[in-house]
Amino acid sequence: MKLIANANDLSIALNQVIKATSTKTTNPILEGILLKASAGTLTMVATDLEIAIERTLQADVKVEGETVVAGRLFTDFMRKIDSEQVELTLLEGKLKIKYGDNESFLQVFNANDFPPVAELTEAQTFSIVRKELKDLINKIKFSVCLDDSRPILKGALLEVSDITLTGVALDGYRLAKCTKAIEKTTAMMSAIVPSRALVEIANLLDDTEDLVEVGVQKNYILVSLEHTKLTARLLDGEFINYRQIIPTEFTSTVIVPKDIFESSIERALLLAKAEKTYLVKFDIKDDMMYITSNSEMGTISEQVPVKLSGKDMSIAFNARFFLDLLKPTNVDHIQIKMNEQTQPGIVVPSGAVEDEFLYLILPVRIMN
């Protein structure tokens with residue numbers, strides 16, 4: 001194997017691929033990156049057997065071939081190279097790296113030992129605008145369960161209808177749901193995508209109107225961009241019937257300015273997090289929301305103008321949960337819909353995009 005490539009392009013590509021290498025393994029090959037040179041391209045592949053990322057870039061290939069190099073070392077090394085071009089040559093079990101008048105050698109692994117990446121030749125596919133898929137993931141990823149008590153909740157449910165993609169994640173304390181229009185689909189389908197795969201998919205997507213194609217086949221999902229592919233193993237099992245969890249009738253609905261509300265909660269959280277409860281109380285009456293948090297360090301009490309429909313309400317929530325949902329939300333006003341102190345509250349946008357996202361948050365029990 002021998003090739004010449006742009007050093008900066010190679011470094012950028014490695015920074016994407018390295019995300020799929022394993023950091024906790026007894027098999028060194030899973031910490032490596034497969035380099036495959038052929039027909040004017042260099043293809044790089046990394047996998048930890050759950051996620052695989054493949055990236056190609058143009059290269060002047062002198063001799064075709066393949067090898068596996070230590071992923072983290074090679075990626076870090078390329079970040080430090082100032083040369084415009086780099087020459088890679090496989091010589092007697094080592095990778096020779098020539099840059100300017102300098103050269104270095106790295107140990108390599110046998111490419112035959114690198115695990116194959118699943119080929120999705122019969123996948124059902126759908127297409128969606130890239131920035132819309134990225135936004136959907138960002139609006140639900142924080143609600144994925146982090147512990148092992150309910151493994152199926154360590155992923156998010158993606159449901160494809162003939163015109164929409166809906167993403168749902170829940171962790172037992174909150175639920176996040178977001179719906180986006182799709183361009184086309186070959187079938188209605190659903191998949192439970194692990195949290196890590198969701199994050200890496202979002203990292204690959206840009207904020208453009210270009211389309212991305214997503215394929216689902218049996219136990220795998222495939223996201224295809226121009227020069228990059230991500231393949232991930234899906235979670236196997238039945239997702240919770242989230243529709244049964246979401247209440248449809250409410251005794252109190254309040255419309256609140258999103259930015260003012262977010263800033264007030266951020267300040268209240270400064271005290272609430274000192275108690276490790278993150279509890280912030282909302283008292284709503286006379287078109288005003290009084291936001292209060294207490295700790296041994298003091299008390300924060302603020303008021304936010306709102307529009308209240310229904311009865312007055314006194315309820316408490318984990319403030320972190322509210323901040324998680326408010327950060328990726330780009331609307332002027334939100335609606336908070338509630339029933340009793342012990343029943344979940346619902347947060348939805350107020351305005352033209354009212355059906356785009358929905359959040360359910362369980363309250364924290366408080367003494368009257």
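Start at 1 with the first residue, then count along the sequence.
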- prompt: In Å and rounded to the nearest 0.5 Å, what is the CZ to CD1 distance from Phe261 to Ile291?
  reply: 5.0 Å
field: Shortest non-hydrogen contact between Pro257 and Val304, atoms and distance
entry: CD-CG1, 4.3 Å
message: Applying side chain to side chain donor-acceptor pair (under 3.5 Å) to Ser264 and Glu302, what does each step give before you reach the verdict?
response: CA-CA 7 Å; Ser264 183; Glu302 298 193 7; 2.9 Å; yes
- prompt: Hey, is the main chain of Ser350 close enough, under 3.5 Å, to the side chain of Gln335 for a donor-acceptor pair?
  reply: no
Smallest separation among heavy atoms of Leu279 and Ala272, with atom names: O-CB, 3.4 Å
field: Salt-bridge present (Lys327, Glu266; N to O < 4.0 Å)
entry: yes
statement: Rounding to 0.5 Å, atoms CG (Asp162) and OG1 (Thr186) come to a distance of 12.5 Å
- prompt: Do Val223 and Ile128 belong to the same hydrophobic cluster, where Ile, Leu, Val, Met, Phe, Trp and Tyr are linked whenever their side-chain heavy atoms lie under 4.5 Å apart, directly or via other members?
  reply: yes
task: Tell me yes or no: between the side chains of Asp171 and Ser143, is some donor less than 3.5 Å from an acceptor?
output: no
task: Determine the interplanar angle of the Phe322 and Phe282 rings, folded into 0 to 90°, and report it as parallel if under 30°, tilted if 30 to 60°, perpendicular if over 60°.
output: perpendicular
- request: Report the C-alpha separation of Thr166 and Thr179 in whole Å, then their side-chain angles, then the decisive distance to 0.1 Å, and conclude whether the side chain to side chain donor-acceptor pair (under 3.5 Å) test is met.
  value: CA-CA 4 Å; Thr166 298; Thr179 300; 3.1 Å; yes
message: For a quick test of reading the model, state the closest non-hydrogen atom pair linking Ile29 to Asn110 and the distance between them.
response: CD1-O, 4.0 Å
query: Between the main-chain N or O of Gly71 and the side-chain N or O of Thr75, is there a donor-acceptor pair closer than 3.5 Å?
result: yes
- request: Determine, stepwise, if the pair Thr21 / Glu31 fulfils side chain to side chain donor-acceptor pair (under 3.5 Å).
  value: CA-CA 5 Å; Thr21 57; Glu31 298 176 354; over 6 Å; no
- prompt: Hey, is CG on Asp312 packed in by over 12 heavy atoms from elsewhere, all under 6.0 Å?
  reply: yes
field: salt bridge (Lys or Arg N to Asp or Glu O under 4.0 Å) between Glu119 and Lys229, worked out
entry: CA-CA 11 Å; Glu119 295 286 341; Lys229 293 181 180 179; 5.9 Å; no
query: So, Arg174 and Asn318: side-chain donor and acceptor under 3.5 Å apart, yes or no?
result: no
query: Does Lys311 pair with Glu340 as a salt bridge, N-O distance under 4.0 Å?
result: yes
field: Phe142 ring center near Tyr359 ring center (under 6.0 Å)
entry: yes
task: Tell me whether Val86 is reachable from Leu106 by hopping between hydrophobic residues (I, L, V, M, F, W, Y) whose side-chain heavy atoms are closer than 4.5 Å.
output: yes
- request: Please check if the side chain of Lys96 supplies one atom and the backbone of Leu91 the other of a donor-acceptor pair under 3.5 Å.
  value: no
- prompt: Should Leu235 and Met189 be regarded as members of a common hydrophobic cluster, given that ILVMFWY residues are connected when their side-chain heavy atoms come within less than 4.5 Å of each other, either directly or indirectly?
  reply: no
- request: Run the salt-bridge test on Lys24 and Asp48 with the 4.0 Å N-O cut-off and return the result as yes or no.
  value: no
- request: Kindly give the heavy-atom pair with the smallest separation between Lys139 and Ala176, and that separation in Å.
  value: O-CB, 3.6 Å
field: Leu153 side chain near Val144 side chain, heavy-atom distance below 4.5 Å
entry: no
field: Check: Glu159/Ser190 side-chain N/O donor and acceptor closer than 3.5 Å
entry: no
query: Ion pair present between Lys180 and Glu132, side-chain N to carboxylate O less than 4.0 angstrom?
result: yes
Side-chain donor-acceptor contact under 3.5 Å, Ser38 with Glu64: no
statement: One should read off an interatomic distance between Ile33 CD1 and Thr47 OG1, to the nearest 0.5 angstrom, of 11.5 Å
- prompt: Would you call Lys62-Asp60 a salt bridge at under 4.0 Å N-O?
  reply: yes
query: Which pair of heavy atoms, one from Leu360 and one from Pro247, lies closest together, and at what distance?
result: CD1-CD, 3.8 Å
message: Check this for me: does any side-chain nitrogen of one of Asp135 and Lys131 sit under 4.0 Å from a carboxylate oxygen of the other?
response: no
task: List the atom of Leu234, the atom of Ala191, and the distance in Å for their closest heavy-atom pair.
output: CD1-CB, 3.7 Å
message: Contact between Asp210 and Arg130 at the side-chain level, heavy atoms closer than 4.5 Å - yes or no?
response: yes
query: Do Ser161 side-chain atoms and Thr164 backbone N/O form a donor-acceptor pair below 3.5 Å?
result: yes
message: For Arg79, is the CZ atom crowded, meaning more than 12 foreign heavy atoms sit under 6.0 Å from it?
response: yes
Shared hydrophobic cluster, Leu230 / Leu133 (ILVMFWY, side-chain heavy atoms < 4.5 Å): yes
query: For the atom pair CD (Glu213) and CD (Glu183), what is the distance rounded to the nearest 0.5 Å?
result: 12.5 Å
- request: For the pair Arg196 and Glu50, find out whether any cationic side-chain nitrogen is under 4.0 Å from an anionic carboxylate oxygen.
  value: no
message: Working to the nearest 0.5 angstrom, can you tell me the gap between Leu175 CG and Ile245 CD1?
response: 6.0 Å
query: Do other residues, nucleotides or ligands put more than 12 heavy atoms under 6.0 Å from Phe109 CZ?
result: yes
message: More than 12 heavy atoms of other residues, nucleotides or ligands under 6.0 Å from NZ of Lys141: yes or no?
response: yes
- prompt: Could you state the interatomic distance from NZ (Lys258) to CG (Asp332), rounded to the nearest 0.5 Å?
  reply: 9.5 Å
message: Given 3.5 Å as the limit, does a donor-acceptor pair link the side chain of Arg55 with the main chain of Ala13, or not?
response: no
- request: Verify whether one side chain among Ser104 and Tyr99 offers a donor that lies under 3.5 Å from an acceptor in the other.
  value: yes
